[in-house]
There are 2 protein chains.
Amino acid sequence: MGVTIKDIAKRAGVSYSTVSKALRNSPLVKEDTKKKIISIANELGYQPNVAARSLVSKKSWTVGVVWPTVERVAPSTLITKINEELEKHAYTTLVSINKIDTAIETFHRFQVDAILVFYDRDDIDIESLPQHSNIPILYYGIAGSSPFPTIDVNRKKAIQLAVNHLSELGHKDIAYIGDLAERDLFQIEKVKSFKESIQQRGIELRQDMIAQINGLESHDGYLAARSMLQKKQRPTALISASYDLTRGILRAVNEAGLNIPKDISIVSYDNIPQMQNLVVPVTIVGVELTDITKKVTEILLQMIESKEVPSAIYLEPELVVRKSSAPPKDVL
Amino acid sequence: MGVTIKDIAKRAGVSYSTVSKALRNSPLVKEDTKKKIISIANELGYQPNVAARSLVSKKSWTVGVVWPTVERVAPSTLITKINEELEKHAYTTLVSINKIDTAIETFHRFQVDAILVFYDRDDIDIESLPQHSNIPILYYGIAGSSPFPTIDVNRKKAIQLAVNHLSELGHKDIAYIGDLAERDLFQIEKVKSFKESIQQRGIELRQDMIAQINGLESHDGYLAARSMLQKKQRPTALISASYDLTRGILRAVNEAGLNIPKDISIVSYDNIPQMQNLVVPVTIVGVELTDITKKVTEILLQMIESKEVPSAIYLEPELVVRKSSAPPKDVL
DNA sequence: TTGTATGCGTTATCAG
DNA sequence: CTGATAACGCATACAA
């Protein structure tokens with residue numbers, strides 16, 4: 001059996017309520033007694049029983065993260081960072097990889113203080129979700145796609161920034177390389193935004209400027225870019241949907257003997273530091289990772305304190321211009 | 001506040017102890033009463049409070065999984081499967097992505113029934129781990145590298161099988177493609193076994209037959225294979241350390257215009273179904289995924305029932321010969 | 001400054 | 001079959 005405050009009390013020759021106070025660092029306990037109790041607790045390897053504690057205090061100091069698509073790499077960095085951030089505020093995070101409804105159920109049973117849901121597929125059965133949960137639930141995804149408050153990094157706006165940037169430089173033949181096959185809301189959102197933005201700039205939308213690929217791995221980007229570059233009317237600029245794709249694209253461009261940005265410009269989604277360290281520092285659009293984690297943590301804490309939060313929180317993406325984008329040849 | 005059995009009792013006009021029994025499907029409650037109570041519970045959206053339950057019954061029906069290296073893709077499928085398997089036995093699994101010692105601490109506070117630790121780095125501070133835990137801990141890794149009982153899929157043996165298979169076919173120039181840069185125990189173990197096995201077969205160990213690569217992505221395998229194939233004394237067989245690497249290797253071989261298995265044989269680690277669906281069905285070594293998940297679950301359940309388990313459980317890898325391996329040309 | 005008593009939601013034991 | 005009641009480990013209002 002685990003060691004309890006009663007065991008400590010016995011050893012210290014005090015009542016167990018004094019132990020409880022001492023361990024919670026209450027000012028109502030003499031320093032000497034406190035020290036003694038704490039040292040005994042450490043000696044015995046005491047771990048407070050969450051069950052008992054949260055039963056009485058109705059707080060578990062735990063945030064549940066719902067992450068049914070573990071296989072996807074993208075959110076893992078994000079989750080790691082959010083975990084670190086929450087730790088600073090004394091919260092522990094626990095992850096469930098079950099499907100969304102059972103995961104939420106589990107976290108209810110565990111009485112976590114808040115739930116963060118990651119989900120990017122379009123196959124959620126909204127009906128099956130608890131319509132009013134007594135535990136606050138925050139969604140990370142696309143505003144409006146779920147009944148919960150949602151943090152949206154505004155992929156729509158990000159792609160728009162990319163298109164506008166290239167268009168302002170004078171590009172007319174802009175291609176988009178991103179996954180179309182997956183039933184992935186984030187990818188769908190980005191392609192949609194590409195089409196809209198192109199038309200808003202008064203550029204004719206050519207279907208062959210949208211790559212047909214089936215994955216988000218580096219190699220998928222490579223293949224897509226290669227076939228793009230072989231076209232008779234080759235694009236003068238490429239927009240990539242992710243870091244991994246960009247790496248592949250860079251390889252294809254290199255193999256084709258083209259110069260970036262002289263022969264072709266590249267703008268990539270994903271605002272992460274690694275983008276600077278590629279063969280050519282790449283122009284990027286997106287919300288900075290630390291901005292996301294900070295915001296997510298902030299909102300979660302607000303929800304826990306039962307403050308009102310808006311139903312949609314948009315994070316503003318930025319455009320960071322680097323060496324990979326420049327005016328096209330004919331404009332120079 | 002959440003709804004409790006007392007709320008249900010009030011609505012049903014019975015005592016809350018009757019409700020408790022009814023919900024646990026006790027035979028001591030009349031069917032009618034039971035039905036009524038259950039329907040009220042559903043109506044109210046009742047969720048049993050794990051805190052209270054595990055406080056009295058000393059069982060949380062939960063297994064904690066320690067997985068500090070979320071960014072690594074490899075274990076994710078495994079964890080998903082283990083989760084499914086445990087579900088069949090009424091257990092919930094919760095994942096912690098914290099570092100190993102704090103994760104174990106957390107799970108202690110949550111009083112989970114067992115802890116499964118995934119860790120493949122060599123930088124664990126064994127001293128910092130609880131030396132005797134009242135909660136059973138199972139390690140997934142390399143036997144002997146931790147103080148806990150360990151499930152070991154015997155990578156050593158697997159690579160040996162690969163080497164022997166190729167050697168028996170008549171190959172002498174066998175190269176190994178796997179990551180050497182990472183401080184990853186699994187990779188280290190495999191390279192080590194390659195060297196030993198080669199020598200055991202009386203083949204001279206050439207250092208240039210071990211690829212120097214820095215990652216486990218498909219593209220890393222591609223690059224490594226390409227440079228291998230350009231050597232003056234080209235290997236007649238390649239052993240790959242993982243599925244992803246193999247995909248890259250296949251591409252490189254194809255580009256070089258070589259035929260598998262006529263010009264070169266391929267044997268890959270990772271016993272997963274996808275291996276059959278590559279351009280050439282690939283000969284593989286390793287323990288089948290389902291064998292691993294079944295075994296892990298079995299051992300976990302045994303530990304929970306406080307049965308003794310051996311300190312090292314080796315899972316026997318198998319060799320599945322497919323189209324990608326054949327005798328070298330000179331032997332034909 | 002310390003100790004006593006109560007209750008959190010549930011299960012389990014015992015009496016009705 | 002059903003209903004009191006004790007106990008699980010802890011925090012806290014209150015008493016000493």
Side-chain angles (χ1 to χ4, degrees), chain A residues 1-38 40-41 44-62 90 105-113 134-135, chain B residues 1-38 40-41 44-62 90 107-113 134-135:
Chain A
M1 255 310 299
V3 16
T4 76
I5 50 172
K6 288 188 185 172
D7 301 323
I8 301 176
K10 221 170 285 172
R11 266 284 265 282
V14 296
S15 80
Y16 68 83
S17 76
T18 305
V19 173
S20 173
K21 287 172 205 151
L23 293 177
R24 314 241 55 229
N25 198 19
S26 156
L28 302 175
V29 178
K30 200 162 43 166
E31 276 307 318
D32 285 357
T33 333
K34 216 183 271 182
K35 265 183 202 155
K36 187 172 156 198
I37 290 175
I38 290 177
I40 294 182
L44 264 47
Y46 170 76
Q47 291 292 341
N49 182 325
V50 184
R53 177 177 285 186
S54 74
L55 191 56
V56 42
S57 60
K58 303 198 164 317
K59 196 147 168 41
S60 59
W61 290 98
T62 305
E105 214 178 280
T106 302
F107 286 136
H108 265 88
R109 289 190 284 112
F110 272 91
Q111 306 265 98
V112 299
D113 298 331
N134 52 319
I135 298 175
Chain B
M1 255 310 300
V3 16
T4 76
I5 49 173
K6 289 189 183 171
D7 301 323
I8 301 176
K10 221 170 283 171
R11 266 284 265 281
V14 296
S15 79
Y16 69 83
S17 72
T18 304
V19 173
S20 174
K21 286 173 204 149
L23 293 177
R24 313 240 59 225
N25 198 20
S26 156
L28 301 175
V29 178
K30 201 163 42 167
E31 275 306 319
D32 285 357
T33 335
K34 215 183 271 184
K35 266 186 200 150
K36 188 171 156 199
I37 290 175
I38 290 176
I40 294 182
L44 265 45
Y46 170 76
Q47 290 293 343
N49 183 325
V50 184
R53 177 178 287 189
S54 73
L55 190 56
V56 42
S57 62
K58 305 204 164 313
K59 196 148 168 40
S60 59
W61 291 98
T62 305
F107 285 136
H108 265 88
R109 289 190 283 111
F110 273 89
Q111 305 265 96
V112 299
D113 298 331
N134 52 319
I135 299 175

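Computation of the quantities below employed the complete heavy-atom set of this structure, encompassing side-chain atoms and omitting hydrogens, waters and symmetry-equivalent molecules. In what follows, every chain begins at residue 1, and chains take the letters A, B, ... in the order their sequences are listed.
- B:R109 places its CZ atom 22 Å from the P atom of D:dC8, with the value rounded to the nearest Å.
- Residue-to-nucleotide contacts include no donor-acceptor pair under 3.5 Å from the side chain of B:K58 to the base of D:dG9.
- By the neighbour-count criterion of 12 heavy atoms within 6.0 Å, atom NZ of B:K59 is densely surrounded, having more than that number from other residues, nucleotides or ligands.
- Rounding to the nearest 0.5 Å places NZ of A:K30 at 10.0 Å from NZ of A:K36.
- Of the side-chain N and O atoms in B:S15, one or more sit less than 4.0 angstrom from OP1 or OP2 of D:dG3.
- Listed pair A:S20 / D:dC10 fails the phosphate criterion, with no side-chain N or O lying under 4.0 Å from OP1 or OP2.
- Within the structure, every side-chain polar atom (N or O) of B:R53 is placed at least 4.0 Å from both OP1 and OP2 of C:dG9.
- In this structure, the NZ atom of A:K30 is 7 Å from the C1' atom of C:dT1, given to the nearest Å.
- For B:T4, the side-chain atoms get nearest to C:dG9 when compared with the rest of C:dG9, C:dT11, D:dC10.
- Residue A:Y46 has a polar side-chain atom (N or O) positioned under 4.0 Å from OP1 or OP2 of D:dC10.
- Put simply, B:S57 has no side-chain N or O that comes within less than 4.0 Å of OP1 or OP2 on C:dT10.
- What separates CZ of A:F110 from C1' of C:dC8 is a distance of 18 Å, to the nearest Å.
- The CD-C1' distance, from A:Q111 to C:dC8, rounds to 10 Å in whole Å.
- Rounding to whole angstrom units, CG of residue A:L28 and P of D:dC14 are separated by 14 Å.
- Of the residues near DNA chain D, A:L23 and B:K34, the one whose nearest nucleotide (by heavy atom distance) lies more toward the 5' end is B:K34.
- Here B:S54 lies out of heavy-atom contact (under 4.0 Å) with every strand.
- Both A:G13 and B:Q47 sit near DNA chain C, but only A:G13 has its closest nucleotide nearer the 5' end.
- Here B:K21 lies in heavy-atom contact (under 4.0 Å) with a base.
- Judged by distance alone, the side chain of A:K21 and the main-chain N or O of A:K34 form no donor-acceptor pair under 3.5 Å.
- No more than 12 heavy atoms of other residues, nucleotides or ligands shown are found within 6.0 angstrom of NZ on B:K10.
- The distance between atom CD1 of A:I5 and atom C1' of D:dA7, rounded to the nearest whole Å, is 15 Å.
- In this structure, A:R24 atom CZ and D:dA11 atom P are separated by 5 Å, rounded to whole Å.
- If you check every strand for non-hydrogen atoms under 4.0 Å, A:V29 touches sugar and phosphate atoms only.
- A donor N or O paired with an acceptor N or O is found under 3.5 Å between the base of D:dA4 and the side-chain atoms of B:S17.
- Minimum atom distance to the side chain of B:V56 is reached by D:dC8, of the listed D:dC8, D:dA11, C:dG3.
- A:S60 places a side-chain N or O within donor-acceptor distance of the main-chain N or O of A:Q111, the cut-off being under 3.5 Å.
- When the P atom of C:dG9 is taken as reference, atom CG of A:N49 falls 16 Å away, rounded to whole Å.
- Atom CG of residue B:L23 and atom CD1 of residue B:I40 lie 10.5 Å apart, to the nearest 0.5 angstrom.
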